[in-house]
Amino acid sequence: MDSEGASKLEEVAAYQSSEAKQARLQSMLAALLDDPILADVPRKPSLGDVDTLINLELGSAMRVTVVKLDSTQFDVVVLNTATVKDLKLAVRKKITEIEQGQMGHRHISWKHIWENYCLTHQSEKLIDENSVLSSQGVRNNSKVCFSPHVMSRVHQKHSRRRKHRFFHGLSRKM
């Protein structure tokens, strides 16, 4: 019984110790994020967020300003080798972060958004998701805007909705 009780005590002490370490780490992180120099770091940064911001400071990433249709704007940071798809993912992440901070949990249909809107840079639509941003003229501190867009049949992503027939199988002859 003594060895069993002692091992349980050790487990509880280790658990409390790890909780204390976690609490100290969170308080240190909160204190660091309150520093005005680190104002561009997200509230709950992931390792990827920190890595991207380090690359921005080293010059291997760029800050892109995204202007929404209501003329509000926000900044996203992507690598210099990023594609249009990477930019869309960064925009999605940033808008989701902003919306959740303001209104709590909210679902946004990104499929609907990208079917009806696209990003433009200097009046040129960024449609090809695999093209590199730098080849499209997007550089550090560039502005990218949302604009209304309907996919063409060439890309075969946007098509007319088909009418669903409820009795489509009843007209067949057996």
Side-chain angles (χ1 to χ4, degrees), residues 22-161:
Q22 188 71 17
R24 280 196 310 263
L25 180 64
Q26 290 297 327
S27 67
M28 285 177 31
L29 183 60
L32 279 173
L33 292 177
D34 287 338
D35 189 348
I37 294 174
L38 300 175
D40 56 346
V41 177
R43 280 283 151 214
K44 293 182 179 179
S46 66
L47 186 58
D49 294 334
V50 174
D51 189 38
T52 305
L53 289 173
I54 290 171
N55 285 327
L56 179 65
E57 292 298 320
L58 295 175
S60 58
M62 59 183 155
R63 184 181 313 271
V64 178
T65 302
V66 180
V67 181
K68 296 192 320 186
L69 291 173
D70 61 356
S71 299
T72 60
Q73 56 187 16
F74 58 90
D75 292 334
V76 293
V77 178
V78 291
L79 294 175
N80 289 340
T81 58
T83 61
V84 173
K85 185 176 184 176
D86 296 332
L87 178 61
K88 285 183 175 182
L89 289 173
V91 167
R92 177 180 180 169
K93 184 178 179 182
K94 184 70 171 190
I95 289 179
T96 302
E97 178 184 300
I98 291 170
E99 292 291 325
Q100 285 182 352
Q102 292 175 349
M103 298 179 198
H105 180 69
R106 185 173 175 193
H107 175 72
I108 298 173
S109 174
W110 288 100
K111 181 180 177 185
H112 173 75
I113 289 174
W114 297 129
E115 283 177 354
N116 295 298
Y117 301 96
C118 70
L119 296 173
T120 58
H121 175 66
Q122 296 178 345
S123 302
E124 189 166 329
K125 294 182 179 183
L126 304 175
I127 296 173
D128 184 15
E129 289 193 346
N130 296 322
S131 67
V132 180
L133 291 174
S134 59
S135 68
Q136 299 284 334
V138 179
R139 305 276 185 258
N140 193 20
N141 297 323
S142 292
K143 281 194 177 187
V144 173
C145 304
F146 273 96
S147 63
H149 173 69
V150 177
M151 292 285 182
S152 66
R153 288 191 177 260
V154 174
H155 291 94
Q156 297 179 352
K157 289 189 177 179
H158 187 272
S159 62
R160 291 186 203 162
R161 183 170 184 249

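As the structure is a prediction and not an experimental result, all values here were calculated from the model.
- Considering CG of Leu79 and CG of Leu133, their distance stands at 10.5 Å, rounded to 0.5 Å.
- Distance check, rounded to the nearest 0.5 Å: CG of Leu119 to NZ of Lys143 gives 14.5 Å.
- For the side-chain contact (heavy atoms from CB on, under 4.5 Å) test with Gln136, the passing option among His121, Glu124, Gln122 is Glu124; the others fail.
- Taking CG from Leu56 and CG from Asp51, the interatomic distance works out to 11.5 Å, rounded to the nearest 0.5 Å.
- Distance alone, capped at 3.5 Å, places no donor-acceptor pair between the Asn80 side chain and the Asn140 backbone.
- For the residue pair Val144 and Val64, the shortest heavy atom distance occurs at CG2-CG1, 3.5 Å.
- Taken from CD1 in Ile54 to CD in Glu57, the straight-line distance is 9.0 Å, to the nearest 0.5 Å.
- Scanning both residues, Ser142 and Gly137, for their nearest heavy atoms gives OG-O, 4.2 Å.
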* Given the rule in the side chain to side chain contact (heavy atoms under 4.5 Å, CB included) test, do Val78 and Met62 qualify, once you have shown the distances and angles that lead to the verdict? -> CA-CA 6 Å; Val78 291; Met62 59 183 155; 4.0 Å; yes
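- Here the CD1-CD1 distance, from Ile113 to Ile95, works out to 6.5 Å after rounding to the nearest 0.5 Å.
- Pro148 and Lys125 make their closest contact through O-NZ, 4.1 Å (heavy atoms, listed as atom of the first residue, atom of the second, distance).
- With sequence neighbours excluded, the residues forming a side-chain contact (heavy atoms from CB on, under 4.5 Å) with Cys145 are Val67, Thr120, listed by chain and number.
- In terms of the side-chain contact (heavy atoms from CB on, under 4.5 Å) criterion, Ser123 has no residue partners (sequence neighbours excluded).
- Using a 30° and 60° split on the angle between ring planes, Phe146 and Tyr117 fall in the perpendicular class, above 60°.
- Taking each heavy atom of Arg139 and Ser134 in turn, the nearest pair found is NH1-O, 2.8 Å.
- Separation of atoms CG (Leu89) and NZ (Lys94) is listed at 15.5 Å; rounding is to 0.5 Å.
- Nearest approach of Ala90 to Val76, heavy atoms of both residues: O-CG1, 3.8 Å.
- A search for salt bridge (Lys or Arg N to Asp or Glu O under 4.0 Å) contacts involving Lys93 returns Asp49, not counting sequence neighbours.
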